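In each ligand, atom 1 is the first atom listed, and ligand 1 is the first ligand listed. Bear in mind that the values here come from a model prediction, so they are computed numbers and not experimental data.
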Amino acid sequence: MSSQVAAPFAQLATPDAASPLAGPRHVAIIMDGNGRWASSRGLPRVAGHRAGAEAVRRAITAARAAGVQWLTLYAFSSENWRRPATEISDLTGLLRHYLRHEVAELARGGVRLVIIGDRTRFGADLQAELAAAEARTADNTAFILVMALSYGARDEIVAAARRAAELAAAGTLDPASLDEAGFAALLATAGMPDPDLILRTSGEHRLSNFLLWQAAYAEFVFLDVLWPDFAESHFAAALAEYARRDRRFGARPG
Ligand code: IPE
Ligand code: IPE
Ligand code: MG
């Protein structure tokens with residue numbers, strides 16, 4: 001089945017977990033708390049989202065400085081479409097602004113931008129800008145920035161199951177041969193290493209439909225900081241906490 005599925009990151013993804021002494025190779029962040037940050041200042045929610053976009057820059061800098069190779073940012077969930085139309089249009093406007101103003105710098109800095117999520121729910125113009133940003137940075141390998149946009153893990157898993165069923169119906173996949181690796185290759189994250197560390201800001205302790213499959217053995221760190229206040233020191237503190245964890249992957253304690 002692997003011949004059916006593109007694994008565009010195969011050159012970077014190695015199958016085994018990072019050595020326990022090494023820092024995380026892949027960090028994923030649930031960037032939460034923009035609205036509370038704004039309301040605590042008597043500002044409209046959009047001001048929080050704007051300040052949150054600044055924090056994205058700090059997260060990238062901190063991740064790169066720490067030698068992290070993959071950074072996945074949860075920017076908009078499949079459930080966030082339930083928000084008022086005005087907030088959705090503020091968020092898509094900010095995304096468009098980010099693409100127009102930051103992609104050149106990402107490209108210069110050796111960053112590859114990859115989008116996961118159901119982009120078909122965005123307008124055609126934004127979809128074209130997303131595709132252009134990915135194409136422009138596609139040859140970079142120094143650092144991979146994955147943006148989860150209109151992303152929902154259940155959606156992703158159902159789409160993979162549907163695809164597997166289609167391949168089986170077409171006779172190109174033997175259901176008995178479908179294993180974890182084969183199924184993972186049908187997910188939006190095909191070819192990416194699983195996240196070693198998942199951070200969530202804002203004090204909430206939940207995944208909110210983020211990377212449910214990929215998080216099977218991730219370490220979790222929940223930070224009591226609202227996303228717009230996220231600083232490089234928070235990233236460093238999370239890495240220090242990660243370094244204290246004992247990752248066993250089900251094996252006997254060492
Ligand atoms: C995170 O901040 C950004 C998105 C989910 C798009 P929120 O907008 O969820 O902020 P809070 O959680 O209401 O404070
Ligand atoms: C999760 O935050 C999604 C993102 C950060 C993009 P939410 O604010 O949407 O999550 P809930 O609703 O508090 O679970
Ligand atoms: Mg929130």
Side-chain angles (χ1 to χ4, degrees), residues 26-60 62-63 70-99 101-102 113-123 126-127 129-130 133 145-158 187-189 192 195 197-215 218-231 234-235 238:
H26 182 176
V27 176
I29 308 183
I30 303 171
M31 309 184 291
D32 196 20
N34 295 351
R36 278 163 281 173
W37 183 92
S39 38
S40 73
R41 285 166 173 71
L43 298 169
R45 289 180 65 87
V46 65
H49 296 314
R50 227 176 264 133
E54 296 294 318
V56 166
R57 208 173 292 137
R58 295 193 288 277
I60 294 170
W70 297 76
L71 179 68
T72 296
L73 299 176
Y74 200 11
F76 192 87
S77 76
S78 50
E79 287 71 32
N80 289 149
W81 290 108
R82 296 175 184 158
R83 294 193 180 191
T86 49
E87 182 167 356
I88 290 172
S89 114
D90 287 339
L91 285 165
T92 51
L94 272 169
L95 175 59
R96 197 175 281 112
H97 186 268
Y98 184 86
L99 292 170
H101 292 85
E102 303 286 332
L113 178 67
V114 176
I115 312 296
I116 58 171
D118 182 7
R119 65 180 81 192
T120 65
R121 295 183 74 177
F122 294 114
L126 189 47
Q127 288 184 51
E129 293 196 43
L130 291 170
L145 176 64
V146 182
M147 286 275 196
L149 296 170
S150 188
Y151 173 87
R154 287 184 166 184
D155 241 19
E156 178 191 32
I157 292 167
V158 168
L187 296 170
T189 52
M192 302 183 192
L197 172 62
I198 296 183
L199 306 183
R200 182 170 186 146
T201 58
S202 91
E204 307 294 351
H205 294 190
R206 55 177 171 266
L207 274 177
S208 300
N209 204 12
F210 186 47
L211 300 179
L212 299 182
W213 169 281
Q214 299 83 348
E219 295 294 330
F220 292 87
V221 172
F222 299 100
L223 297 166
D224 274 322
V225 59
L226 299 172
W227 178 250
D229 289 328
F230 183 84
H234 297 108
F235 197 85

query: If you measure from CG on Leu43 to CG on Asn34, what distance do you get to the nearest 0.5 Å?
result: 12.0 Å
query: Atoms of ligand 1 less than 4.0 Å from Met31 heavy atoms?
result: 1 (C), 3 (C)
task: Give a yes/no on ligand 2: does Glu79 have at least one heavy atom closer than 4.0 angstrom to it?
output: no
message: Suppose we measure from atom 2 (O) of ligand 2 to each protein heavy atom; which comes out shortest, and what is that distance?
response: Arg200 NH2, 3.6 Å
query: To the nearest 0.5 Å, what is the distance between CZ (Phe222) and CG (Asp32)?
result: 11.0 Å
- prompt: Taking atom CZ of Arg119 as the centre, does the number of heavy atoms from other residues, nucleotides or ligands within less than 6.0 Å exceed 12?
  reply: yes
statement: Taken to the nearest 0.5 Å, the spacing of Asp90 CG from His97 NE2 works out to 13.0 Å
- prompt: Does some non-hydrogen atom of Gly33 fall short of 4.0 Å from ligand 1?
  reply: yes
- line: Taking only non-hydrogen atoms of Asn34 and a 4.0 Å limit, the atoms of ligand 1 in range are 1 (C), 2 (O), 3 (C), 7 (P), 10 (O), 14 (O)
- request: Would you mind listing which atoms of ligand 2 come within a distance below 4.0 Å of any non-hydrogen atom of Ile30?
  value: 5 (C)
query: At a 4.0 Å threshold, what atoms of ligand 1 neighbour a non-hydrogen atom of His49?
result: 3 (C), 8 (O)
field: Pair Phe122 and Trp81, ring centroids less than 6.0 Å apart
entry: yes
- line: Near the Mg ion (ligand 3), meaning under 2.8 Å, the protein N/O/S atoms are Asp32 OD1
- prompt: Do you know which two heavy atoms are closest between Gly152 and Ser78, and how far apart they sit?
  reply: CA-OG, 3.3 Å
message: Students should be able to answer this: which protein heavy-atom is nearest to atom 9 (O) of ligand 2, and at what distance?
response: Asn80 ND2, 2.8 Å
statement: One finds that the ligand 1 atoms under 4.0 Å from a non-hydrogen atom of Arg83 are 4 (C), 5 (C), 7 (P), 8 (O), 9 (O)
For atom 8 (O) of ligand 2, the option (of Leu91, Ile29, Asp32) bearing the nearest heavy atom: Asp32
query: Under 4.0 Å from any heavy atom of Ala75, which atoms of ligand 1 are there?
result: 6 (C)
message: Show the atoms of ligand 1 that are less than 4.0 angstrom away from any heavy atom in Arg36.
response: 11 (P), 12 (O), 14 (O)
- request: Scan side-chain atoms only and decide if Arg36 and Ser202 contain a donor-acceptor pair under the 3.5 Å cut-off.
  value: yes
- prompt: How far is atom 10 (O) of ligand 1 from its nearest protein heavy atom, and which residue and atom is that?
  reply: Gly35 N, 2.9 Å
message: Under a 3.5 Å threshold, yes or no: a donor from one side chain and an acceptor from the other, between Glu87 and His49?
response: yes
task: Please answer whether the main-chain N or O of Leu187 pairs with a side-chain N or O of Glu156 as donor and acceptor at a distance below 3.5 Å.
output: no
message: So, taking the atom named CZ in Arg200 and the one named CE in Met31, what distance separates them when rounded to the nearest 0.5 Å?
response: 11.5 Å
query: How are the rings of Phe210 and Tyr151 set relative to one another: parallel (under 30°), tilted (30 to 60°) or perpendicular (over 60°)?
result: perpendicular
task: Can you pull out the closest protein heavy atom to atom 13 (O) of ligand 2? Residue, atom name and distance to 0.1 Å, please.
output: Arg206 NH2, 2.8 Å
message: Within the structure provided, determine whether Glu204 and Ile30 are in side-chain contact (heavy-atom separation under 4.5 Å).
response: no
field: Distance from atom 14 (O) of ligand 2 to nearest protein heavy atom, with residue and atom
entry: Ser208 OG, 2.6 Å
query: Against heavy atoms of Phe76, which atoms of ligand 2 measure under 4.0 Å?
result: 6 (C)
- request: Rounded to the nearest 0.5 Å, what's the gap from OG1 on Thr92 to CZ on Phe76? Could you check?
  value: 8.0 Å
- request: Check Leu211 against Ala153 and note the closest heavy-atom contact, atom names and distance.
  value: N-CB, 3.7 Å
